[in-house]
Amino acid sequence: MNVADSQRVASALERLGYLGTRRADEADVIVLNTCVVRQSAEDKAVGRLSSLRPLKLKNPNLVINLMGCLVGVRGYEPLQKRFPYVDVFSPPSDPGPLVAHLTQNDSRLLEESETQQRFALMDGELVLPEKERGRLVATYVPAVLGCSHACAFCIIPYRRGVERSRPVGDILAEAQSLVEQGVKEITLLGQIVDRYGRDIPDGPNLAGLLRSVNDIEGLERIRFLTSHPNWMTDELLTAVAELPKVMPHIEVPVQAGSDKVLADMKRGYTAGDYRKLVAKIRDYLPAGSIATDIIVGFPGESSSEFQATSDLLAELKLDVAHLARYSPRPGTVSERRLDDDVTDGEKWHRFRLLEELQENIAGEINSQLMGQTVEVLFEERVRERWRGRTPTNKLVFVETNQDLRGVTKYVQITWTGPWSMQGALRDQLLSDQLISLAASQD
Ligand code: SF4
C-alpha cells in the first residue's frame, strides 16, 4: 500500500512541475512515507527522519513531508513537537496536504487555480512518474483504504482509519490510465480486499470489480491482496477461476494455528475454518498457489500452541508463508491488555523453526516444476538476468540478451529453489504439456 501511496505522491509532484532525484541533498522537497506495522519499521522511519534534520538546517527552504502510518489519521500534534523541522504532515494515501503546502508556498509553481484545474482534469487517472512511464510492468491500485476489523495486535485501523472502498469508476479509470502507460499487471489492494464494496450501497463486490477490470483491453494480469478468510466467498473464487486475466494466486493470512491464540488475536475464525478454506480454494483453483502470514510469539502463546501453528503449516503445505515475530504496538488491544510474555529469544527460535519448515515446503513445491514449461511475465532486468513471475506468483529468472520488459514468454524451468527458479526461454509449450493442458481444460 505504501508503494502505491508513494507513486501517487510522485505523480502529484510531477504534475506540479517537480522532477525526481535520488540525492536527498539536492532535493527541494523530501517525502518520507512511513510504515509502523512493526516496531522495527517505526524505529527505521524515525531514524531516517532524524537524519534529514541537518539537511533542513543547511537549507531552510527545503520542504520535509512526513507521510503515512507514523502520522496516522487522528492528529499529529505530538509529532509536530517532536520533529519541529518537518513542514507538512500527511495521513496515509493522501498527497493533499503536501500539494496544498507547495501551491501556497512555492512561488515558482503555477497559479493555484491553474494547478487545481490540472488536478481536476486528471481525476480518477494516475499519471506515473516519468521514470516509470512505459517501463513499469506491474503495479498496485488501492481498492479498499483503511480497515475496520481491529485484530488485537494490529495498529493499521488506528493509523489508516475505517474501511472505505474506492468508487468502482475511480479504480477502473486509474487501471485504464496505467495500462495506457504500459502497465500489464495490476494488483488490487486492500487490508481486507475481499470486503471490497460492502460499504457502497448497490456497488459491485470484489468479484464484480474483478469482472470489470478483466474487461480492460491491453491489461494482461490481475491480482488482489490481502484477503481475510471470513470474506473469501464462493462467488469470488468462481470469478478467479473463470476470469482469464485474474491470476490463480490467493494471499490469505492465517496468523496462528491454535484456536486459543486466534481467539486472543480476535481474528474471527478457527484453524479448522482455515483448513476448510484452503481445501475450497484448491477445489476452485487446482493449479493455483496460496500465501499466508503468521505471527509467532503472540502474548500467551505456549509451546504447544506454537506447535499447532507449525503442524498446520506442515499439513497445508502452502506456497509462501510471510513470517513475523510479535511486537506490541502502542494503543492496540494486545498491547493494552496482554502481557508480551514470550521472550525475544523464544520468538526468534519459533521464527527460525517455521522459516526452516517453510523453506523445505516451498522447495518441495517448486521442485515439482523442474523441467516444466510455465508462462512468465517479465518485469525487469536484475544484473544479467531478466526477472518475471508465473501466474502463481513464483519468481523466475532467465539469462538472455533479449529485451523482455513487459513480455510474456514460455520458460522451461531448469533450476528450482524455495524462493525462486531459473529457466530458459521456449518458443512454445512442449507437446506433452500441450496435451496435459488440453486434458486439464476438458
Ligand atoms: S484485518 Fe486485522 S491484521 Fe489486517 S489490517 Fe485489519 S486489523 Fe490489521
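Order of listing sets the numbers, starting from 1, for every ligand and every atom in it.
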How about CZ on Arg282, more than 12 heavy atoms from neighbouring residues, nucleotides or ligands closer than 6.0 Å, or not? yes
Classify the angle between the aromatic ring planes of Tyr326 and Phe298 as parallel (below 30°), tilted (30 to 60°) or perpendicular (above 60°). perpendicular
Distance filter under 2.8 Å, centred on atom 8 (Fe) of ligand 1 - protein N, O or S atoms that pass it: Cys154 SG
Is it true that Arg267 lies under 4.0 Å from ligand 1, counting heavy atoms only? yes
Check: Thr34/Arg48 side-chain N/O donor and acceptor closer than 3.5 Å: no
Counting only heavy atoms closer than 4.0 Å, does ligand 1 sit against the backbone of Ile192, its side chain, both, or neither? side chain
Decide yes or no on side chain to side chain contact (heavy atoms under 4.5 Å, CB included) for Trp386 and Arg405, but give the supporting numbers first. CA-CA 8 Å; Trp386 278 94; Arg405 189 182 301 276; 3.8 Å; yes
State, without any angle test, whether Asn65 and Ser90 hold a side-chain donor-acceptor pair at a distance under 3.5 Å. yes
When you look at NZ of Lys44, are more than 12 heavy atoms from neighbouring residues, nucleotides or ligands closer to it than 6.0 Å? no
Should the pair Arg211-Asp215 be classified as a salt bridge under the 4.0 Å nitrogen-to-oxygen rule? no
